[in-house]
Amino acid sequence: MILRLRLVRYVVRQDVRMAKSEIELLALLRELDDPERLERPLHYDRAATGRKFGGLVRRLEVDFGASCESERDTQDSSEYGRVHVPTDATVCGTRIVVCVSKFGSLAEVCADNPGAFLGTGEAHEEGALDLGDLATVERALADLGYVSVPEELLESDYKGPSALEHFAARPTWWTRFFGLW
């Protein structure tokens with residue numbers, strides 16, 4: 001029997017581009033999941049996370065030729081912040097939102113807002129997201145060492161050791177790594 005892994009994102013580690021399969025991404029999410037630390041990991045470096053995030057904002061502003069609004073250092077959340085690529089800088093006229101977690105440089109790319117579409121594929125199919133714009137964002141994330149996790153995977157049922165039932169009726173991986181506490 002041949003097992004086919006769907007390749008979903010790329011990540012740069014030690015200047016080597018490696019494909020990340022859905023199975024590998026789930027393994028990474030499980031590895032980062034510490035039930036004792038819901039908001040941020042044990043050795044969280046707020047200053048380093050802020051510098052890296054600032055680099056992402058600058059990179060997207062250069063790549064899209066527009067000022068990108070950002071929210072950073074989100075309180076009571078495992079999400080560090082968000083970058084908004086404005087509508088007038090995108091081919092389809094829909095803003096692109098990049099969410100960054102406090103855990104393991106995880107990032108999520110969405111058209112309009114998290115949950116507006118079930119992933120970038122659906123957003124593209126509905127004419128809200130250009131694949132060139134998506135590639136520009138994904139390239140910036142990879143170049144800066146972020147691990148892009150598809151929204152479809154983040155919205156799957158959470159199966160881990162953290163007790164999340166008090167925070168969401170149906171806990172998902174998004175709840176775990178980008179949710180409010």
More than 12 heavy atoms of other residues, nucleotides or ligands under 6.0 Å from CZ of R30: is that the case? yes
Do K52 and Y146 have side chains that get closer than 4.5 Å, going by heavy atoms? yes
side-chain contact (heavy atoms from CB on, under 4.5 Å) involving P86 - partner list, sequence neighbours excluded: A66, C68, D88, A89
I need the L26 CG to K159 NZ distance, nearest 0.5 Å. 9.0 Å
Taking D73's backbone N and O only, do any of them form a donor-acceptor pair with Q75's side chain (distance below 3.5 Å, no angle check)? yes
What pair of heavy atoms forms the shortest contact from D143 to R59, and how long is it? OD2-NH2, 2.9 Å
Do you know which two heavy atoms are closest between E152 and L118, and how far apart they sit? OE2-O, 3.5 Å
Show the nearest heavy-atom pair for residues L141 and A107, with the distance to one decimal. CD2-CB, 3.9 Å
Scan residues 45-90 for pairs that pass ring-ring contact (aromatic ring centres under 6.0 Å, His included), counting only residues two or more places apart or in two chains. F53-Y80
Would you find a donor on one side and an acceptor on the other, under 3.5 Å apart, between the side chain of K102 and the backbone of T74? yes
Do S70 and L56 come close enough that some side-chain heavy atom pair is under 4.5 Å? no
Could you work out, with side-chain contact (heavy atoms from CB on, under 4.5 Å) as the rule, every residue matching A135, not counting sequence neighbours? R139
Got L106 and V147 here, is their nearest side-chain heavy-atom distance under 4.5 Å? yes
Please give me the minimum heavy-atom distance between T94 and T87, naming the atom from each residue. C-CG2, 4.1 Å
State, to 0.1 Å, how close L153 and E22 come at their nearest heavy-atom pair, and which atoms those are. CD1-CG, 3.9 Å
Assess the residue pair E61 and V83 against the criterion (side-chain contact (heavy atoms from CB on, under 4.5 Å)); give the C-alpha distance rounded to whole Å, side-chain angles, the decisive distance to 0.1 Å, and a yes or no. CA-CA 10 Å; E61 288 179 336; V83 184; over 6 Å; no
Only counting residues at least two apart or in another chain, list the ones meeting ring pair (Phe, Tyr, Trp, His ring centres under 6.0 Å) with F117. none
Same cluster for F103 and F167 if Ile/Leu/Val/Met/Phe/Trp/Tyr side chains link at under 4.5 Å? yes
Side chain to side chain donor-acceptor pair (under 3.5 Å) pairs, two or more places apart, involving residues 125-134: none
Can you tell me which residue among W173, F178, F177 is in a ring-ring contact (aromatic ring centres under 6.0 Å, His included) with Y158? W173
Do L32 and V149 sit in one hydrophobic cluster, given that two such residues count as connected whenever their side-chain heavy atoms are within less than 4.5 Å of each other, even indirectly? yes
Rounded at 0.5 Å granularity, tell me how far CG in L129 sits from CG in D112. 11.0 Å
Nearest atoms (heavy-atom pairs only) where R176 meets L38: NH1-O, 3.0 Å
Matching residue for W174 among E151, E155, E108 - test: side-chain hydrogen bond (donor to acceptor under 3.5 Å, both in side chains): E108
Linked, directly or transitively: L144 and Y44 (ILVMFWY side chains, under 4.5 Å): yes
Between D33 and P161, is there a side-chain heavy-atom distance shorter than 4.5 Å? yes
Assess whether side-chain contact (heavy atoms from CB on, under 4.5 Å) is satisfied between E79 and V100, documenting all intermediate values. CA-CA 6 Å; E79 179 178 284; V100 172; over 6 Å; no
Could you check L25, V109, T120 and say which one makes a side-chain contact (heavy atoms from CB on, under 4.5 Å) with S148? V109
In Å, rounded to the nearest 0.5 Å, how long is the span from CZ of R82 to CG of N113? 6.0 Å
First locate atom CG of L131, then atom CD of E138, and finally report the distance between them rounded to the nearest 0.5 Å. 11.0 Å
Check salt bridge (charged side-chain N to carboxylate O under 4.0 Å, His left out) between R40 and all other residues, then give those that pass, not counting sequence neighbours. none
Take R95 and T90 through the test side-chain contact (heavy atoms from CB on, under 4.5 Å) and record every step on the way to the result. CA-CA 7 Å; R95 77 177 177 168; T90 67; 5.8 Å; no
So V57 and R72, side-chain contact (heavy atoms from CB on, under 4.5 Å) or not? Walk me through it. CA-CA 11 Å; V57 173; R72 58 177 70 218; 4.1 Å; yes
Between the side chain of E122 and the main-chain N/O of G119, is any donor-acceptor distance below 3.5 Å? no
Any L180 side-chain heavy atom under 4.5 Å of S77 side chain: yes
